[in-house]
Protein chains: 2
Amino acid sequence: MDTITIKDIARALNLSTSTVSRALRDSYEINPETKRLVIEYAERLDYRPNPIALSLKENRSRVIGVIVPQIANNFFSQVINGIEAIAYNRGYNVIIFQSHESFERELLTVQQAVTRKADGLLISLSSSTSDVSHLRTLQEKKLPIVLFDRVSAELDLPCVTADNFAGAFAATEHLIQTGRRRIAHVTIPPYISITQERLAGYRAALEQYGIPYVESLVQYAGFGQYEVEPIIDDLLSQKPDAFFAASDRLALGCLAALKKRNVAIPETVSLIGFTNTPVADLLAPPMSTVEQPALEIGQTAAEQLIDLIEDKPKKPKPGTVRIPTRLHVRTSTQ
Amino acid sequence: MDTITIKDIARALNLSTSTVSRALRDSYEINPETKRLVIEYAERLDYRPNPIALSLKENRSRVIGVIVPQIANNFFSQVINGIEAIAYNRGYNVIIFQSHESFERELLTVQQAVTRKADGLLISLSSSTSDVSHLRTLQEKKLPIVLFDRVSAELDLPCVTADNFAGAFAATEHLIQTGRRRIAHVTIPPYISITQERLAGYRAALEQYGIPYVESLVQYAGFGQYEVEPIIDDLLSQKPDAFFAASDRLALGCLAALKKRNVAIPETVSLIGFTNTPVADLLAPPMSTVEQPALEIGQTAAEQLIDLIEDKPKKPKPGTVRIPTRLHVRTSTQ
DNA sequence: TTGTAAGCGTTATCAA
DNA sequence: TTGATAACGCTTACAA
């Protein structure tokens, strides 16, 4: 890979590298004729400045580090799509890191991203992260960071999330309005911010409609493949008349488990998940869903981060931005 | 972001930067005592070599450029997962680029990746790419490249794909063995390698079972959201007794279109798609699928690329590696 | 208007 | 065993 550098141009044109550099940056102090010569020659040779040399000089990389629990996940891959779109427009590249829901791995990848000299970080916390001191350290070092989706209130960092409370409220309200009273709530590990927000929305809706909150109807599932099975058994013994699954994966897991048990879903149970794919349209029975604005979360988070990196804090303290969710009601009879 | 450098260590210990550098790389020509001192101090300060400086010096970045048509796609995000796993283990970072199925965008992103000094490229061609001279140029410059999934026979590059021919053959054979005779084949744009391979598998199966190949039963759909609709209308007018959708997206698109038209799917039509998610288990009616080994494709491609980068060509000419697919038969009656 | 030189962080070569 | 110096590609004081 022979690359052409400023030196080559300088040598060929009998100029110094500084003159060439200035000509290429269209400096006012360069003879227009020289400028023309340099620029033409550079174009002919398809010269591209070496971003690594620039990074070293300017102490910044034009790279954004993105840390997600999993790439191979509909929600996160859509978020990354949104991030990438904004980054592309604003001249940044994106390096992806996965924490695989492990705290240790999150520490490592955050460290990696910093070592790699990412100009800023977009992070969605792993489900096993409760201690956030690794981020506090970076915050103190003034590294721009924006949290998204799974955030932490312990850090005074800008956050971008779906409006989980409102989404869960709307979903629960819908179930109540269609006559459900014993709504099982299957959810993800309790550490994560979104778990709490969704649970709060669920409880608020119950309360508003005067329905008692039954603690045993709320069950937490980890990320193992078959973890949902025993939970479903437990819940079924409690005769729920609806299921609220608090994530895509759990919604599908519940459906599969119910199907396996031949539970006559359309008659006795409704499901509301956060599933954000058109797949939900095709499921039997139809599953109403709360659509997560993944793309927009990614875009917003990236915008905020790049503004921060480039020191354009439009608002003094961004705080948490909540992107609205949308409830899609799907019925069996349609 | 104050970073500690070799200079800082040298100054603090009253040594030269070269001594520190050598001590840190455990050079034999350094006094064990000095070595100990340096290493201890470096550890205490949590010193990390600046990879940008290293890149500049060594003229390599330890970055792999990955170019896919779309990140927010089940198949590609799983491939990326596989790539990331291998890259992580072997000390590389991954920069993702999207071509958005556009040839122009592919040119740009390939250029970007090269400018960014990626040590090698993993590429799945966009559906509008028929001219591959941009890759040939890079190939001539000896830049390590491995193609995956959507490859090109015009380039003598290592390729990693699913065994599309065998997969399509098995799927078609299954349909034939369950009594189908008029199997519609809905597929993606014809330029892409996988389209041809899948079509060839389909044809081979028809031929083996003495079923005539009907050209009008083969229809190509682009990537637009509603492109599948008119195609389904056309095909339905030809009274097919099965559908073979050659991609995830098309499989779901077909199901949705058929549902919309109230076609009694379980009685008259079977679908075989390349859908690679457990979601298929939940669809109504059950859709048999050919599972794509996405993770393994990513891993294999990454292994090959890094071997190439590090100049360890285990085999003289890798050629095309085909990872086996798996047919999942799902029936309505189960 | 152009050139010289220093510096970004690191390593390799050569000298001491 | 250690240190001075040049080099990777680029920008920017400062000199000319």
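It should be emphasised that the depicted structure is a prediction, and the values quoted were computed from it without experimental measurement.
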Legend entry - Sidechain-backbone polar pair: B:Q98 side chain, B:I71 backbone, donor-acceptor under 3.5 Å: yes
Inset, instruction - Using a heavy-atom cut-off of under 4.0 Å over every strand shown, decide if B:L15 touches base, sugar-phosphate, or nothing. - result: sugar-phosphate
Inset, instruction - Extract, from 5' to 3' on DNA chain D, the first and final nucleotides lying under 4.0 angstrom from some heavy atom of chain B. - result: D:dT1 to D:dG9
Inset, instruction - Give one of base, sugar-phosphate or nothing for B:T34, where a contact means two heavy atoms less than 4.0 Å apart. - result: sugar-phosphate
Inset, instruction - Have a look at B:N14 and say if it touches a base, only the backbone sugar-phosphate, or nothing, with a 4.0 Å heavy-atom cut-off. - result: sugar-phosphate
Legend entry - Stacked cation flag A:R105 on B:Y88, 6.0 angstrom / 45 deg: yes
Legend entry - Contact letters for nucleotides 10-16 of chain C, in which S counts primed atoms plus P, OP1 and OP2 and B counts the base, heavy atoms under 4.0 Å: BBBBB--
Inset, instruction - Please confirm whether the backbone N or O of A:K7 pairs with a side-chain atom of A:T17, one donor and one acceptor, at under 3.5 Å? - result: no
Inset, instruction - Please check if the side chain of B:S77 supplies one atom and the backbone of B:N73 the other of a donor-acceptor pair under 3.5 Å. - result: yes
Legend entry - Centroid separation B:F103 to B:H134 less than 6.0 Å: yes
Inset, instruction - State the CZ-OG1 distance between B:R48 and B:T5, to the nearest 0.5 angstrom. - result: 15.0 Å
Legend entry - Lys NZ or Arg CZ of A:R22 over A:Y28 ring: under 6.0 Å, within 45°: no
Inset, instruction - Determine whether the side chains of A:S21 and A:S18 contain a donor N or O and an acceptor N or O closer than 3.5 Å. - result: no
